[in-house]
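Every chain is numbered from 1 and lettered A, B, ... according to where its sequence line falls, protein lines coming before strand lines.
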2 protein chains.
Amino acid sequence: MVFMRLGASPDTFRPRGHEAKRLSIVDAAAGVFCREGFAGANIDLIAAEAGVSRQTIYNHHGDKEKLFVAVVRDLTERCNAGIFATIATFPDQPNDLEVDLVGFAVRLNQNCICNRDGKFLRKLIQTEGERYPELFAEWREQGPGRTWPAIAARFARLAYGGYLDIEDPDVAARQFLGLVNAELQTTFMLGGTPRENEVLQSATNGVRTFLRAFGKRRTVAPVDKQSAIASA
Amino acid sequence: MVFMRLGASPDTFRPRGHEAKRLSIVDAAAGVFCREGFAGANIDLIAAEAGVSRQTIYNHHGDKEKLFVAVVRDLTERCNAGIFATIATFPDQPNDLEVDLVGFAVRLNQNCICNRDGKFLRKLIQTEGERYPELFAEWREQGPGRTWPAIAARFARLAYGGYLDIEDPDVAARQFLGLVNAELQTTFMLGGTPRENEVLQSATNGVRTFLRAFGKRRTVAPVDKQSAIASA
DNA sequence: GACGATTTAGACAAGACTGTCTAAATTTGT
DNA sequence: ACAAATTTAGACAGTCTTGTCTAAATCGTC
């Protein structure tokens, strides 16, 4: 993305302004599609928010529907990257299991679910999912279809390492997500963004219950997990 | 609703056909608003699906926005009634705690969340919630604001009766809902309706984890809760 | 069967939106 | 500074939608 000086095939790489405009169009379109829905989204408004003329949008994307598809693909890609980056921070060899899992849950929420991209993608899936079955089937495969098993694998490793007592890692992974988000459901429904301390609270409560259900009952006791009750 | 013979002020009560049309309009409008969104909803289409003429819709509701508000109010009212009716079936004196809680969770899902009204209301909240803050604030008060405490109270009673080991009934109630729906999230996102066995599976897994976390560890043992491991 | 209220079909004006087109202005690479 | 490509502003046709209006048809009740 940064090279392209070098004179390498100057007709393949478009000028920098071109890509910059493409990005600002897709960005603005994401916001407007989310706020107004596909039918209510106004191309002139998108153009104004992107700081380009309407014609430029048509030059780049052809028509409204193609623009919408581009928006969803972009969001899916970025969100997936964020989720996998966060999964890489999963505590495979936890020091303090409760604290580490809470940290993981908070990172997942803040970096992937509550951020701009996550919020927008979620809303577009909810509002337009039924209208573009194949597009969102693709999202389902690329998104939950790949991230959930990845999280499940991490929990399986944790169980194998003696930190947890889990029968079905897939079920445990889904329940982990359900628990740490249990208190944010209403906010998500209305399209709001929970505040940091709400996210932390929900994650803390969720992880605590998760460990009550799946934590080893002081049998192996991996390390020392005394000071795990630090709250805010 | 059934009386109105008796000649009591014949100009106050409209003919029966009138109310019937009002209902079929609101019904059809709910479906169209959900499928197409507020902006995409077409009054002519609503009229056609309701089996009335466009003018009748304007006679009844004035304009598109008022019709939308009427739809949301109707759905909220019906859903609330269903939820409270289901909460009334909560197992206060469980015979088999796992079986009884699974049954309650399944009833809640089938009668309140996965049925037509629940699905429609959820989608309207998600798609149009930001556009009508005061309308959905009202829903929030009437809906989650009243049903969640009601469920929490039932869990508190269960804890008081020695069936559960719960610190915060409100947290437990939210986590209960999060757990029993953990496996249905993706389906809900895309607006789909989970099949009966998926609902049962998710509820069973969720209740099992819930009881691993909050079930009494054979201390008081209220009655005989031996055969609580019966599965499907 | 007759009366009053409601509903219907269709026409209609006013406005909004998409997507195209053109000529001028701007940017980019050399 | 020059030439090519891109962007811009605006006009434009065509379509769609909302909400109103009117006259005829239908319904419910006595």
Inset, instruction - Rounded to the nearest angstrom, tell me the gap between atom CG in L67(A) and atom P in dC17(C). - result: 16 Å
Inset, instruction - Indicate whether OP1 or OP2 belonging to dA5(D) is found under 4.0 Å from a side-chain N or O atom of K21(A). - result: no
Inset, instruction - To the nearest Å, give me how far apart NZ (K64(B)) and P (dA16(C)) are. - result: 14 Å
Legend entry - Between Q175(B) and T209(A), a side-chain donor and acceptor under 3.5 Å: yes
Legend entry - Options dT20(D), dT7(C), dT7(D), nucleotide nearest the side-chain atoms of Q55(B): dT20(D)
Legend entry - Residue pair Q55(A) / N59(A), side-chain donor-acceptor N/O under 3.5 Å: yes
Inset, instruction - Establish, with yes or no, whether the OP1 or OP2 oxygen of dT8(C) is under 4.0 angstrom from a side-chain nitrogen or oxygen of T56(B). - result: yes
Inset, instruction - Using atom CD of E19(B) as one end and atom C1' of dT6(C) as the other, report the distance to the nearest whole Å. - result: 14 Å
Legend entry - Spacing between I57(A) atom CD1 and dC17(C) atom P, to the nearest angstrom: 14 Å
Legend entry - Of the listed nucleotides dT18(C), dT7(C), dG19(D), the one nearest the side chain of Y58(B): dG19(D)
Inset, instruction - Would you indicate what G51(B) reaches in the nucleic acid, counting non-hydrogen atoms under 4.0 angstrom: base, sugar-phosphate, or nothing? - result: sugar-phosphate
Legend entry - Shortest side-chain distance from D44(B), nucleotide among dT18(D), dG19(C), dT8(D): dT18(D)
Legend entry - Distance, rounded to the nearest Å, where E36(B) contributes CD and dT18(D) contributes P: 11 Å
Inset, instruction - Measure from the side-chain heavy atoms of N42(B) and tell me the nearest of dT18(C), dT18(D), dT8(C). - result: dT18(D)
Inset, instruction - Determine the contact category for A41(B): base if any of its heavy atoms lies under 4.0 Å from a base atom, sugar-phosphate if only primed atoms, P, OP1 or OP2 are that close, otherwise nothing. - result: sugar-phosphate
Legend entry - Heavy atoms from other residues, nucleotides or ligands near CZ of R35(A) exceed 12 (cutoff 6.0 Å): yes
Legend entry - Separation of atom NE2 in H61(B) from atom P in dT7(C), rounded to whole Å: 12 Å
Inset, instruction - By nearest nucleotide on DNA chain D, pick out whichever of N59(A) and R54(A) is the more 5' one. - result: N59(A)
Inset, instruction - Could you check how far CG of L45(B) sits from P of dT17(D), rounded to whole Å? - result: 9 Å
Inset, instruction - Evaluate whether atom CZ of R116(B) has more than 12 neighbouring non-hydrogen atoms of other residues, nucleotides or ligands under 6.0 angstrom away. - result: yes
Inset, instruction - Check every atom of dA9(C), dG19(C), dT8(D) against the side chain of D63(A) and return the nucleotide holding the closest atom. - result: dG19(C)
Legend entry - Short side-chain N/O contact from H60(A) to OP1 or OP2 of dT6(D), under 4.0 Å: no
Legend entry - Sub-4.5 Å side-chain heavy-atom contact between V32(A) and N42(A): no
